[in-house]
2 protein chains.
Amino acid sequence: MQDRLTTLFKAVADPTRRDIFHALVIASSALSITQISNQFEMTRQGVTKHIKTLEDAGLVYLDTKGRERFCNANAKPLKELSKWMTFYEQFWDNSLDNLDHFLNTSKDA
Amino acid sequence: MQDRLTTLFKAVADPTRRDIFHALVIASSALSITQISNQFEMTRQGVTKHIKTLEDAGLVYLDTKGRERFCNANAKPLKELSKWMTFYEQFWDNSLDNLDHFLNTSKDA
DNA sequence: TACTTTAGCAACCACAAAGTTGCATATTAA
DNA sequence: TTAATATGCAACTTTGTGGTTGCTAAAGTA
């Protein structure tokens with residue numbers, strides 16, 4: 001449906017999802033859906049949807065045990081976002097590129 | 001309305017927007033709205049909206065000259081996204097964290 | 001002064017997304 | 001076996017978003 005980069009960016013574009021992901025990353029053990037729900041002012045079903053989105057992006061993987069589903073964070077996919085940004089790093093500082101734009105568009109005014 | 005990180009992530013979460021941004025970054029000179037529209041199969045107004053979103057995120061700045069508005073890319077804000085990811089880098093490889101989760105949740109089954 | 005080009009603005013449409021409620025089902029505990 | 005807990009699934013509401021069409025205004029050109 002949509003490319004991987006888009007799926008990944010959209011997953012982390014939501015603040016609640018970033019919070020859930022962060023909570024999972026720093027958690028000392030995997031957290032069940034209900035445990036996560038208790039930490040957020042949202043219904044369990046709401047959390048479930050976010051987890052699904054994070055799972056689709058590969059940022060979370062589930063571990064079913066009995067009636068519970070434990071959520072684990074997986075930061076690896078973030079590498080892909082980082083890689084995408086690499087190309088633009090060269091334009092971050094003292095942007096010669098921007099200067100170039102300026103010269104090309106403002107000079108002959 | 002929404003935090004800066006969210007604005008930024010949402011701006012680059014759209015593939016068309018990433019394409020426009022990329023086109024501006026690699027362009028040898030600033031491009032007018034119409035010039036950009038010609039490169040994308042979309043109406044000028046559609047492009048204008050994307051430019052607005054990119055501008056709000058600080059990834060594009062406008063340079064009005066006469067009746068034209070030249071768009072320039074500014075990659076600097078991407079630094080903020082990169083900074084956000086920095087924290088998670090420690091969990092990228094041979095994730096001790098994930099191992100920890102595994103041990104805590106699968107051991108006493 | 002007319003005509004053309006560049007663009008903004010507003011309204012509108014279709015669909016995605018965040019979040020909810022309600023209900024059914026499976027697993028564990030009493 | 002009965003009750004409680006953890007979850008999934010479906011439907012629904014609200015709001016956001018990508019994109020369009022139509023119209024207006026400003027700037028450049030003939």
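In the text below, chain A, chain B and the rest are named by the order of the sequence lines, each starting its count at 1. Just so it is clear, the structure is predicted and the values come from calculations on it, not from any experiment.
- Nucleotide C/dA18 holds its P atom 8 Å from the NZ atom of B/Lys10, rounded to whole Å.
- The aromatic rings of A/Tyr88 and B/His22 sit perpendicular, their planes meeting at an angle over 60°, well past the 30° parallel limit.
- Atoms OG1 and CD, on A/Thr48 and A/Glu55 in that order, are 11.0 Å from each other to the nearest 0.5 Å.
- Contact annotation: the side chain of B/Leu31 approaches that of B/Gln39 to within less than 4.5 Å [non-hydrogen atoms, C-beta and beyond].
- One interatomic measurement links the two molecules: CD1 of B/Ile33 to P of C/dA7, which rounds to 6 Å at whole-angstrom precision.
- Judged by distance alone, the side chain of B/Arg44 and the main-chain N or O of B/Ser37 form no donor-acceptor pair under 3.5 Å.
- Salt bridge status for A/Asp56 with A/Arg4: absent, with no side-chain N to carboxylate O gap under 4.0 Å.
- Rounded to an integer number of Å, the gap from B/Leu31 CG to C/dA7 P is 11 Å.
- At least one donor-acceptor pair closer than 3.5 Å links the side chain of A/Arg17 to the backbone N or O of A/Lys10.
- Atom-to-atom, CG of B/Asp56 to C1' of D/dT17 comes out at 14 Å; the value is rounded to the nearest Å.
- In this structure, B/Asp14 atom CG and D/dT17 atom P are separated by 11 Å, rounded to whole Å.
- One can place CZ of B/Phe40 at 15 Å from C1' of D/dG19, the figure rounded to the nearest angstrom.
- No contact: A/Thr53 has no heavy atom under 4.0 Å from any strand.
- C/dG19 atom P lies 8 Å from atom CD1 of A/Ile20, rounded to whole Å.
- Rounded to whole Å, the distance from NZ on A/Lys52 to C1' on D/dT7 is 15 Å.
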query: Tell me, for nucleotides 20-26 of chain D in 5' to 3' order, what letter each nucleotide earns: B for a base near a protein heavy atom under 4.0 Å, S for only sugar-phosphate near one, - for neither?
result: BBB----
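- Side-chain nitrogen and oxygen atoms of B/Arg17 include at least one within less than 4.0 Å of the OP1 or OP2 phosphate oxygen of D/dG18.
- Dashed line: the shortest gap from a side-chain N or O of A/His50 to OP1 or OP2 of C/dA17 is not under 4.0 Å.
- With hydrogens and angles ignored, the 3.5 Å screen pairs no side-chain donor or acceptor of B/Asn74 with any backbone N or O of B/Val60.
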